[in-house]
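So the structure is just underneath, and the comments pick up after that.
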Number of protein chains: 2
Amino acid sequence: MIKVLLAEDQVMVRQGLKAMIETDEEIEVTGEADNGRQAVVLCEKQLFDVAVLDIRMPEMDGIEAAKVLRSRFPHLKILMLTTFDDNQYIMDALKVGVSGYMLKDGDTESLIRSIKSAIKGGLSLQDQVAAKVVPELLKTEEQESIDPTLTPRERAILKCIGEGLNNREIAERLGLSVGTVKNQTSQILDKLALRDRTQLAIYAIRHRLV
Amino acid sequence: MIKVLLAEDQVMVRQGLKAMIETDEEIEVTGEADNGRQAVVLCEKQLFDVAVLDIRMPEMDGIEAAKVLRSRFPHLKILMLTTFDDNQYIMDALKVGVSGYMLKDGDTESLIRSIKSAIKGGLSLQDQVAAKVVPELLKTEEQESIDPTLTPRERAILKCIGEGLNNREIAERLGLSVGTVKNQTSQILDKLALRDRTQLAIYAIRHRLV
DNA sequence: TTACATATATTACTTTAGTCATTTTTTCTG
DNA sequence: CAGAAAAAATGACTAAAGTAATATATGTAA
């Protein structure tokens, strides 16, 4: 039997959710809370498998509560529930490490499916939510392609610069003389049309060489 | 009626999928292909709403095909189908902009749900897939908190260094003398226990100051 | 007001980075 | 093997970065 804690400040919504959840005979709502703080207190007294938290609650909101619960009860799975598909909320929740994020206007089956999936280590994202959040996450992933005229040696040096090494350290690591490293660095600066190693380091990081 | 193109090299699997998909009376498989190239050719002749592509196919794989289809037929929604939940594949597919990524061992309903969701602009990620890929994407998002002992001025200078400015440029931008900028930089180096401005630039970027 | 802290500036100095012309060494290729 | 091409090294130089001690203004709390 899956024990669920339901935290939601609007009583009617909470009762509706409880009824929805308990249509499944493997799941049981064994705790209810009006806000995040109450949810945390309840978790200290009772054992739950899954906590379903509304994002917007008085006193302590869902994100805060999730953060606390994640650190104190690592095995507890957390599902966020909201009417808003606000990007920032989604990001925050994902960073905390919740097991799912669903909109309240979802249907009974998907809520139940999410609870069961959370137990198995899955992460439930409703399709509209995923469609919003994944492109957002990918933004930081994109990297412009690195200048192809750089030789492997030059790339190696550029990488070292991106790690913050000075010329002597680079020379040691690559088995070159300091003078050679300087010369190569000049070459790289030339090819990339940059001015100094600081700009090279920035370039290296932005192009994910390091 | 939703018109679906099904690209999958194993005939039996393809027929199985077709049967599964067509249990829904709103969806119809109006095209079948053995590989990515054929899929592209078919799309040039016929109009489809959704293309379901196997990742692994001879001649042209699903990712390649997806790339081509996305650029030539922007309104066509693409779902990737695979037996492997390989991280790299998922990333590649998401970067191309597919509308979903599902494992072949999924059930009929979820496949149909994904097709319908794709039409509406959703992005279907099975829970196991999302659980793998989202933490991966978040990795690059994390930023350690910046040293709180830095003064606002020092932060401003650090930011400038992170943009690749030299001391003269920083002095101009902030209305200081070059000497002051140097002194402040020394201060920052001291506080952050770093050695030179290159390492400062790296710090600035990693901490999302720039 | 005194005294103290803070921010900025100045000066003089050392070290590192970067440029450039030239040479040496290595590697490849006919 | 000869000779060209590429990679690495040298040395001499300039410019920029970084250090450190000290000076000057400005505001603020005792």
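The chains referred to below are lettered A, B, ... by the order of the sequence lines, with proteins before strands, and numbering in each begins at 1. No hydrogens, no waters, no symmetry mates; every other heavy atom, side chains included, goes into these values.
Looking at residues two or more places apart in sequence or on another chain, you find a salt bridge (Lys or Arg N to Asp or Glu O under 4.0 Å) between A:Asp34 and A:Arg14. In this view, B:Lys3 satisfies the salt bridge (Lys or Arg N to Asp or Glu O under 4.0 Å) rule with no residue, not counting sequence neighbours. In this structure B:Arg155 satisfies the salt bridge (Lys or Arg N to Asp or Glu O under 4.0 Å) test with no other residue, sequence neighbours excluded. When the side-chain hydrogen bond (donor to acceptor under 3.5 Å, both in side chains) test is applied to A:Glu154, the partners found at least two apart in sequence or on another chain are A:Thr151, A:Lys191. The salt bridge (Lys or Arg N to Asp or Glu O under 4.0 Å) check on A:Lys120 picks up nothing, with sequence neighbours excluded.
In this structure, A:Leu17 and A:Leu81 have side chains that are in contact, with non-hydrogen atoms separated by less than 4.5 Å. By the 4.5 Å heavy-atom criterion applied to side chains, B:Arg56 and B:Thr82 are not counted as neighbours. The side-chain heavy atoms of B:Val50 and B:Leu5, taken from C-beta on, include no pair separated by under 4.5 Å. In this structure, the side chains of B:Ile27 and B:Ile21 come closer than 4.5 Å at one or more pairs of heavy atoms.
For the atom pair CZ of A:Arg113 and OG of B:Ser110, the computed distance is 8.0 Å after rounding to the nearest 0.5 Å. Here the straight-line distance linking atom CG of A:Leu165 with atom CD of A:Glu172 works out to 10.0 Å at 0.5 Å rounding.
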Donor-acceptor pairs under 3.5 Å, side chain of residues 65-74 of chain A to any protein atom, not counting sequence neighbours: which ones?
from, atom 1, to, atom 2, distance (Å)
A:Ser71, OG, A:Val68, O, 2.9
A:Arg72, NH1, A:Glu44, OE2, 2.1

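Contact record, B:Leu53 with B:Ile78: CD1-CG2, 3.8 Å, taken as the closest heavy-atom pair. Across all their heavy atoms, A:Leu76 and A:Phe48 have their closest contact at CD1-O, 3.5 Å.
Contact check of residues 178-185 of chain B against DNA chain C (heavy atom, cut-off under 4.0 Å) returns B:Gly179, B:Thr180, B:Asn183, B:Gln184. Applying a 4.0 Å cut-off to non-hydrogen atoms, the residues of residues 189-198 of chain B that approach DNA chain D are B:Leu189, B:Asp196, B:Arg197, listed by residue number. Contacts with DNA chain D (heavy atom under 4.0 Å) in residues 150-177 of chain B: B:Asn166, B:Asn167, listed by number.
On the nucleic acid side, DNA chain D has its first and last nucleotide under 4.0 Å of a heavy atom of chain A at D:dA8 to D:dT10, going 5' to 3'. Taking 4.0 Å as the cutoff to heavy atoms of chain B, we find the contact window on DNA chain C bounded by C:dT8 to C:dT10.
Using a 4.0 Å cut-off between charged nitrogen and carboxylate oxygen, B:Arg195 and A:Glu169 count as a salt-bridge pair.
Within a 6.0 Å radius of NZ in A:Lys116, more than 12 heavy atoms belonging to other residues, nucleotides or ligands are found.
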*Derivation and outcome, side chain to side chain contact (heavy atoms under 4.5 Å, CB included), residues B:Ile202 and B:Arg206*: CA-CA 6 Å; B:Ile202 296 169; B:Arg206 295 256 180 256; 4.1 Å; yes
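The end-to-end axis angle of the helix from C:dT1-D:dA30 to C:dG30-D:dC1, rounded to 10 degrees and based on five pairs per end, is 30°.
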